[in-house]
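One structure below.
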Amino acid sequence: MKILVTGGAGFIGSHVVDAFIEEGHEVVVVDNLSTGFKENINPKARFYEISVVDKGLSEIFNKERPDIVNHHAAQTDVRKSVDDSIFDAEQNIIGSLNVIDNSVKHGVKKLIYASTGGALYGEVENPPADEGHLISPLSNYGVSKYATEVYLSVYTKLHGLNYTILRYANVYGPRQNPFGEAGVVAIFAGQLLSNEQPTIFGDGSKTRDYVSVFDVVRANVISLTKGENEAYNIGTGIETSDKEVFDAVAKIVDVKIEPKYASARPGEVNRISLNSTRAERELGWKPGVTFKDGVAETVTYFRNHL
Ligand code: NAD
């Protein structure tokens with residue numbers, strides 16, 4: 001099959017591209033390199049440097065005629081979404097709508113959308129949250145990611161578009177940006193390997209659900225043939241605190257550095273984990289990489305790439 005991957009130069013998208021190519025598919029990457037890197041792009045993929053917001057996207061669809069679209073391109077910085085909600089909406093709502101609209105116009109058989117679980121459900125009282133949990137975002141990023149989900153369901157009713165939505169937990173692994181705002185496994189690994197003292201915002205007890213990028217990739221591969229017009233949480237259901245992440249990374253890096261603590265950042269939930277039993281039941285997906293193994297693999301990557 002021919003698959004067009006948006007955001008294929010980024011952390012998750014580039015691993016998805018590698019897996020599709022490994023499976024024998026032809027892959028076209030669309031990315032504006034705003035946070036992605038050319039070096040991440042599999043040399044067997046055809047690359048177009050263009051924003052998903054750009055009207056010229058339709059020429060690429062027209063020329064390439066993809067069977068499947070896998071949409072990973074997004075503005076992913078939660079704090080930026082709060083500081084500049086219009087930019088966030090342009091990239092994540094208008095950009096996604098341009099991708100969805102072109103998919104319908106050019107007869108794409110299916111659109112796989114990388115959504116978020118962590119930023120949709122808001123504060124979760126009794127984690128893990130399943131897909132039926134109240135949608136109550138605490139950031140504009142959560143709003144823009146969810147708006148795209150709603151458009152997808154409307155485009156199905158209006159135009160018969162076929163889609164799968166994957167709501168990721170906190171994804172970690174090789175190629176995550178260690179200098180970014182989010183992604184504490186990569187940030188702590190980068191800092192500890194450089195003998196810097198990492199900062200934990202809050203008292204270290206805030207929890208997240210960490211899912212390996214390789215498990216996320218597998219969910220994308222399965223979605224090529226399964227998951228009819230449905231949203232699936234892709235997480236482990238396990239809560240890991242910031243301090244536990246720090247300790248796990250420090251142990252593998254093998255350094256004796258204690259973290260600094262700073263005040264908690266506003267707009268962040270205290271606890272979250274995702275219940276992925278729907279994905280297990282309907283997609284046959286469940287996480288396979290333990291946090292310990294995933295952290296070790298990530299640290300090894302950063303040892304070789306920092
Ligand atoms: P990333 O920043 O590494 O990847 C995003 C990619 O999209 C980059 O290559 C960037 O250059 C590209 N991009 C951004 N805006 C674009 C535009 N307007 N046009 C074309 N390309 C554009 O981030 P990531 O962590 O790999 O995230 C990928 C997707 O997964 C995003 O949609 C994000 O919302 C979603 N997601 C990520 C996580 C996580 O924990 N990393 C969790 C939930 C959902």
Side-chain angles (χ1 to χ4, degrees), residues 3 5-23 25 27 29 31 35-42 45 70-74 76-78 112-119 145 164-190 193 208-224 227 232-240 245 248-249 252-253 272-274 276 279-280 283-306:
I3 310 172
V5 181
T6 73
F11 160 47
I12 303 170
S14 65
H15 286 289
V16 170
V17 169
D18 290 348
F20 286 162
I21 286 173
E22 185 78 9
E23 297 263 316
H25 300 295
V27 176
V29 169
D31 199 299
T35 56
F37 300 94
K38 234 181 186 158
E39 305 80 72
N40 284 347
I41 303 173
N42 192 305
N70 182 285
H71 182 37
H72 272 81
T76 63
D77 186 333
V78 172
I112 300 165
Y113 173 53
S115 188
T116 166
K145 293 299 288 185
T164 300
I165 292 167
L166 300 173
R167 291 181 182 163
Y168 304 153
N170 278 52
V171 188
Y172 72 97
R175 296 188 198 149
Q176 189 159 32
N177 188 351
F179 307 108
E181 276 299 311
V184 281
V185 174
I187 293 170
F188 290 165
L193 284 166
R208 296 288 180 269
D209 180 338
Y210 292 92
V211 63
S212 159
V213 71
F214 298 109
D215 281 331
V216 166
V217 163
R218 204 158 33 78
N220 279 272
V221 172
I222 293 170
S223 299
L224 292 174
Y232 298 94
N233 282 347
I234 298 296
T236 65
I238 300 168
E239 287 180 76
T240 306
V245 174
V249 177
I252 306 261
V253 175
I272 179 93
S273 69
L274 303 183
S276 302
E280 184 171 354
L283 304 179
W285 178 92
K286 60 179 180 178
V289 182
T290 64
F291 188 59
K292 191 166 159 255
D293 288 351
V295 167
E297 197 170 22
T298 309
V299 169
T300 303
Y301 170 84
F302 284 118
R303 261 191 218 289
N304 299 326
H305 289 85
L306 268 184

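In this text the structure is predicted, and so the values were computed from the model without any measurement. Reckoned from all heavy atoms, side chains included, excluding hydrogens, waters and symmetry mates.
- For the residue pair T236 / D209, a side-chain donor-acceptor distance below 3.5 Å is found, with atom types taken as modelled.
- Between V221 and E23, some side-chain heavy-atom pair lies under the 4.5 Å cut-off.
- Note: L193 CG to H305 NE2 = 13.0 Å, rounded to the nearest 0.5 Å.
- Side-chain atoms of S223 never come within 3.5 Å of backbone atoms of I112 as a donor-acceptor pair (strictly under, hydrogens ignored).
- Remark: D18 pairs with N42, R175 by the side-chain hydrogen bond (donor to acceptor under 3.5 Å, both in side chains) rule, at least two apart or across chains.
- F11 and H15 have perpendicular rings, their planes meeting at more than 60° on a 0 to 90° scale where under 30° would count as parallel.
- For the residue pair G173 and F302, the shortest heavy atom distance occurs at O-CE1, 4.5 Å.
- Within the model, atoms CD1 of I12 and OG1 of T76 stand 8.5 Å from one another, a figure rounded to the nearest 0.5 Å.
- The shortest heavy-atom contact between F291 and A248 is CE2-CB, 4.0 Å.
- For the side-chain hydrogen bond (donor to acceptor under 3.5 Å, both in side chains) test, residues two or more places apart in sequence or in another chain that qualify with N70 are H72, N220.
- Shortest non-hydrogen contact noted between P287 and D215 is CA-OD2, 3.5 Å.
- Side chain of R218 to main chain of K286: a donor-acceptor pair is present (N/O by atom type, distance under 3.5 Å, no hydrogens or angles).
- With N304 contributing its side chain and T300 its backbone, the two residues share a donor-acceptor pair below 3.5 Å.
- The salt bridge (Lys or Arg N to Asp or Glu O under 4.0 Å) contacts involving residues 289-302 comprise nothing, where partners must be two or more places apart or lie in separate chains.
- The backbone N or O of F179 lies less than 3.5 Å from a partner atom in the side chain of N177, making a donor-acceptor pair.
- Checked against side-chain hydrogen bond (donor to acceptor under 3.5 Å, both in side chains), T164 has the following partners two or more places apart in sequence or in another chain: K110.
- Side-chain contact between V295 and Y210: absent, with no pair of heavy atoms (C-beta onward) separated by less than 4.5 Å.
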Derivation and outcome, side-chain contact (heavy atoms from CB on, under 4.5 Å), residues V184 and R208: CA-CA 10 Å; V184 281; R208 296 288 180 269; over 6 Å; no
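- Between L274 and I234 there is no side-chain heavy-atom pair separated by less than 4.5 Å.
- Residues Y232 and I165 are not in side-chain contact: their nearest non-hydrogen atoms beyond the backbone lie 4.5 Å or more apart.
- Remark: F20 pairs with no residue by the ring-ring contact (aromatic ring centres under 6.0 Å, His included) rule, at least two apart or across chains.
- Residues V29 and T6 form no side-chain contact, since every pair of their non-hydrogen atoms from C-beta on lies 4.5 Å or further apart.
- Checking side-chain atoms of S276 against main-chain N and O of G235 turns up a donor-acceptor pair under 3.5 Å.
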What verdict does the side-chain contact (heavy atoms from CB on, under 4.5 Å) test give for I41 and V17, after you've listed the backbone C-alpha separation in whole Å, the side-chain angles of each residue and the deciding distance to 0.1 Å? CA-CA 8 Å; I41 303 173; V17 169; 5.7 Å; no
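- Listed for the Y113 side chain is a donor-acceptor partner under 3.5 Å among the backbone atoms of K145.
- At distances below 3.5 Å, at least one donor-acceptor pair connects side-chain atoms of Q176 with backbone N or O atoms of V171.
- S14 contributes atom OG, which lies 10.5 Å from atom CZ of F37 (distance to the nearest 0.5 angstrom).
- Counting heavy atoms from C-beta outward, V185 and V245 have side chains that approach closer than 4.5 Å.
- Contact of the P178 side chain with the I187 side chain is not registered, since no non-hydrogen atoms from C-beta on lie closer than 4.5 Å.
- Closest non-hydrogen pair, G13 versus V5, comes out as O-CG1, 4.2 Å.
- In this structure T240 satisfies the side-chain hydrogen bond (donor to acceptor under 3.5 Å, both in side chains) test with no other residue, sequence neighbours excluded.
- Here the side chains of Y168 and S115 are not in contact, with every heavy-atom distance at 4.5 Å or above.
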